[in-house]
There are 2 protein chains.
Amino acid sequence: MNERSRASVAPVKITDVAALAGVAPMTVSRVINTPDRVSAPTAARVRAAIEQLGYVPNLIAGGLSSRRSRMIAAIVPTIASPMFNAPVQSFTDAVGKAGYHVMLALSGYTQEHEDAQIRAVLARRPDGLLLTGARRSPAIRKLLLESQLPVVEIWDTADEPTDVLVGFDHREVGRAVADFFINAGHTHFAVLYASDPRGVGRGQAFAEHIRSRGLPVVAEKMLPAPSNIADGRNALKDIADKLAPRTAVFCSSDLVAYGAMTEARLRGIDVPRQLAICGFGDFELSAQSHPSGTTVRVDGAEIGRVAAEALLARIVGTDEAARVMVPFEIIVRQST
Amino acid sequence: MNERSRASVAPVKITDVAALAGVAPMTVSRVINTPDRVSAPTAARVRAAIEQLGYVPNLIAGGLSSRRSRMIAAIVPTIASPMFNAPVQSFTDAVGKAGYHVMLALSGYTQEHEDAQIRAVLARRPDGLLLTGARRSPAIRKLLLESQLPVVEIWDTADEPTDVLVGFDHREVGRAVADFFINAGHTHFAVLYASDPRGVGRGQAFAEHIRSRGLPVVAEKMLPAPSNIADGRNALKDIADKLAPRTAVFCSSDLVAYGAMTEARLRGIDVPRQLAICGFGDFELSAQSHPSGTTVRVDGAEIGRVAAEALLARIVGTDEAARVMVPFEIIVRQST
DNA sequence: TCGCCCCCTGGTATCGCTACCTTTTTCGGT
DNA sequence: ACCGAAAAAGGTAGCGATACCAGGGGGCGA
């Protein structure tokens, strides 16, 4: 053990502050945590002592004592894709205002890794947990239920969520896009989707809905998750020979859609006249590219905010588990 | 205080495991933390007990006792821009392999907020700290130095970094791009840069270098930070009437560059013949858009990895403060 | 066979803070 | 002026783990 880094970070502890201010440690604790319960002159004296000594409270000790870590763990697949940025940022901001820090863990897109991350963060005794998606392995589900930890699952829906859920139905998105294309008069359809459970949900529901109307799905292709622009370009290359005029393609993310659109134009395929493209996520790129991209918009920031509210309510214990469905919306732009 | 959420998360503690396995708590601790120091049969018995009880160690208690939180705090301006994704992901992976969790905090682009975030995370007694940029307020610098906390600053350079530094010189980038444009035969120049210190560094160094060669900077415009595609489009709109033929514009990010390129093409300005554009960051968009975008590439993942290594070395106390400069590279594509 | 040393294990004392309860002080109402 | 309730402050006892030191047992060299 390294003496230097040990003794150093905060030699000043609450008893030092208390001694300097001439009060009991408990009073210093109150000044920090429940200032209302301390008289103004005492609080001022304590604050002066804190300032003078440069005291930084030790939340590890406080957490052990109070059994509250004031920390919420959030596990998302990745932050490399813009998809989860908005919810993570707004969630972080919202719980931050309530005095909680967020410990962010990245799960990739494999369940084993997510399970491992969940187990690992539980060792830090978070006061709450945000998870992406609503599919848990049985062992983890059991662990979470038994721990009675407040949990919010976002960005998906489920018949029996673990606890609180704030999301939407990806299959419904797929069907809505299918109807949108059908109503626009398209006669042939294709779908490119990432292999994560939610991308698959959107893509397969799209294809099923098309077929249930007796219409042809000329191409259905699965991409790696998370998928990017290059995946979209390559996928369009692969399916280009199957595209009839008036084909409409649904992509599981705006990046894939942008890639498909770029590749189509390079091949002389007119977008949207010969090929209509719809993405998902409403990334800035879709609004600002030319031609701009039709997409499905979900208010990620809203999801983060609502998830934070619901989880915080759950933490203080006032609310029962809630399930909030957030709307989605097809934003029609130039690519359709 | 809510009884339910209190008593629940882990009723099982180390003494329970010890009792079941018929050993002392200390031995259970050894099985978890230093398995080499426990005999195989004992370890097996303890592991069985852990399994049977579903014991999850309490890192808060362990952290208080050992004065090691096994946690590293990372503070970056934002994760909404792709800029910091790579370093954050690779840093997280690398320190994760060494058993550390990362607590990610977002500072926005204001120093006050960053200062507040630093103070807040110090209360959790991280074993190390990753900061973006190398400019600290005097109070924070003093706090960090006195705390002797291992710190790594990334993505910038400084004469006197707080501790370890892994980055590059943004002004050098600006000059390199200026030389690149000059050598390509451009006669007029423009620059669009975000108002964060590093964007300003790149942009102003570019402009100064151009002027020092006696050449004209026909437009110099500051954008909000973080800046996006729309900012790039608007900026090009604003400076369009100042653009002479053979003008070259340097943008402080690939998003701005892409926006500028999109807007230019909509206005019938030929890229790259009438207007050459260079961005910064080598986002996937630049490689995959058409025309593809010339940019400056910095290996963010490498920065994250090296920062992790250096910080971990610092934490175990073997290394002195290091300063690692990572290279950058101009990637020439179709926009120039 | 004896003794030294190392391997393994156990006991004790915190780590820094807060929950809980008790004591002291303040103050309005009559 | 007194009483009782409420506000303010203090004392004590952990929270759940690990550092540190001590002790017991077995292997190996003399």
Side-chain angles (χ1 to χ4, degrees), chain A residues 1-3 5-19 21-46 49-50 53 55-71 99 122-125 127, chain B residues 1-3 5-19 21-46 49-50 53 55-71 99 122-125 127:
Chain A
M1 201 55 19
N2 169 3
E3 233 12 87
S5 75
R6 266 280 214 73
S8 54
V9 175
V12 182
K13 54 183 93 164
I14 203 169
T15 50
D16 300 324
V17 176
V23 298
M26 197 56 235
T27 300
V28 177
S29 173
R30 287 199 191 91
V31 170
I32 295 166
N33 297 307
T34 54
D36 297 346
R37 293 166 192 256
V38 181
S39 72
T42 308
R45 227 166 56 242
V46 169
I50 289 175
L53 295 175
Y55 172 63
V56 179
N58 184 332
L59 284 181
I60 295 186
L64 177 60
S65 181
S66 65
R67 266 114 10 196
R68 292 185 48 213
S69 60
R70 297 157 187 253
M71 185 267 289
L122 287 183
R124 296 197 181 270
R125 301 294 187 268
D127 292 335
Chain B
M1 203 52 27
N2 170 2
E3 235 8 89
S5 76
R6 264 281 214 72
S8 55
V9 174
V12 182
K13 52 184 94 164
I14 201 168
T15 50
D16 301 323
V17 176
V23 298
M26 198 54 234
T27 301
V28 177
S29 174
R30 286 200 191 92
V31 170
I32 294 166
N33 297 306
T34 53
D36 297 345
R37 293 166 191 247
V38 181
S39 72
T42 307
R45 228 167 55 243
V46 169
I50 288 175
L53 295 175
Y55 172 62
V56 179
N58 185 331
L59 284 181
I60 295 187
L64 177 61
S65 182
S66 66
R67 264 107 23 195
R68 292 184 48 213
S69 60
R70 298 158 188 247
M71 185 268 288
L122 287 183
R124 295 198 181 269
R125 300 295 187 268
D127 292 336

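Below, read A as the first sequence line, B as the second, and so on, with proteins coming before strands; counting in each chain starts at 1. None of the values given here were measured: they were computed from a predicted structure.
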Legend entry - A/Ser69: side-chain contact (heavy atoms from CB on, under 4.5 Å) partners, not counting sequence neighbours: A/Met71, A/Asp127, B/Ile60
Legend entry - Which residues share a side-chain contact (heavy atoms from CB on, under 4.5 Å) with A/Ala123, sequence neighbours left out: B/Val56, B/Leu59
Legend entry - Rounded interatomic separation in angstrom, taking CZ from A/Arg45 and C1' from D/dG10: 13 Å
Inset, instruction - Not counting sequence neighbours, which residues clear side-chain contact (heavy atoms from CB on, under 4.5 Å) with B/Arg30? List them please. - result: B/Met26, B/Thr27, B/Thr34, B/Arg37, B/Val38
Legend entry - Estimated bend of the helix from C/dT1-D/dA30 to C/dT30-D/dA1 (axis per five terminal pairs, rounded to 10 degrees): 30°
Inset, instruction - Would you mind reading off the distance between B/Ile60 atom CD1 and C/dG16 atom P, rounded to a whole angstrom? - result: 16 Å
Legend entry - Rounded distance (nearest 0.5 Å) linking atom NZ of A/Lys13 with atom CG of A/Asn58: 10.0 Å
Inset, instruction - Tell me whether the OP1 or OP2 atom of C/dC17 has a side-chain N or O from A/Ser29 closer than 4.0 Å. - result: no
Inset, instruction - Round to a whole Å and report the spacing from CZ of A/Arg68 to P of C/dT18. - result: 11 Å
Inset, instruction - Report yes if at least one side-chain N or O of B/Asn58 is closer than 4.0 Å to OP1 or OP2 of D/dC15; otherwise report no. - result: no
Inset, instruction - Of all the heavy-atom pairs spanning B/Val12 and B/Tyr55, show the shortest one and how long it is. - result: O-CD1, 3.5 Å
Give me the distances for all protein-to-nucleotides 9-15 of chain C N/O pairs that come in under 3.5 Å?
residue, atom, partner, partner atom, Å
C/dT9, OP1, B/Ser39, OG, 2.9
C/dT9, OP1, B/Thr42, OG1, 2.2
C/dT9, OP2, B/Ser39, N, 3.0
C/dG10, OP2, B/Ala24, N, 3.0
C/dG10, OP2, B/Thr27, OG1, 2.6
C/dG10, O6, B/Arg30, NH2, 2.7
C/dC15, O4', B/Arg67, NH1, 3.1
C/dC15, O2, B/Ser65, N, 3.3

Legend entry - Whole angstrom value for the distance that separates C1' of D/dT18 from CD1 of B/Ile14: 8 Å
Legend entry - Note, A/Ile50 side chain near A/Ile32 side chain (heavy atom, < 4.5 Å): yes
Legend entry - D/dG16 OP1/OP2 closer than 4.0 Å to side-chain N/O of B/Tyr55: no
Legend entry - Residues forming a side-chain hydrogen bond (donor to acceptor under 3.5 Å, both in side chains) with B/Ser65, sequence neighbours excluded: none
Inset, instruction - Looking only at non-hydrogen atoms, find the nearest pair between B/Ala18 and B/Ala24 and report the distance. - result: CB-C, 3.7 Å
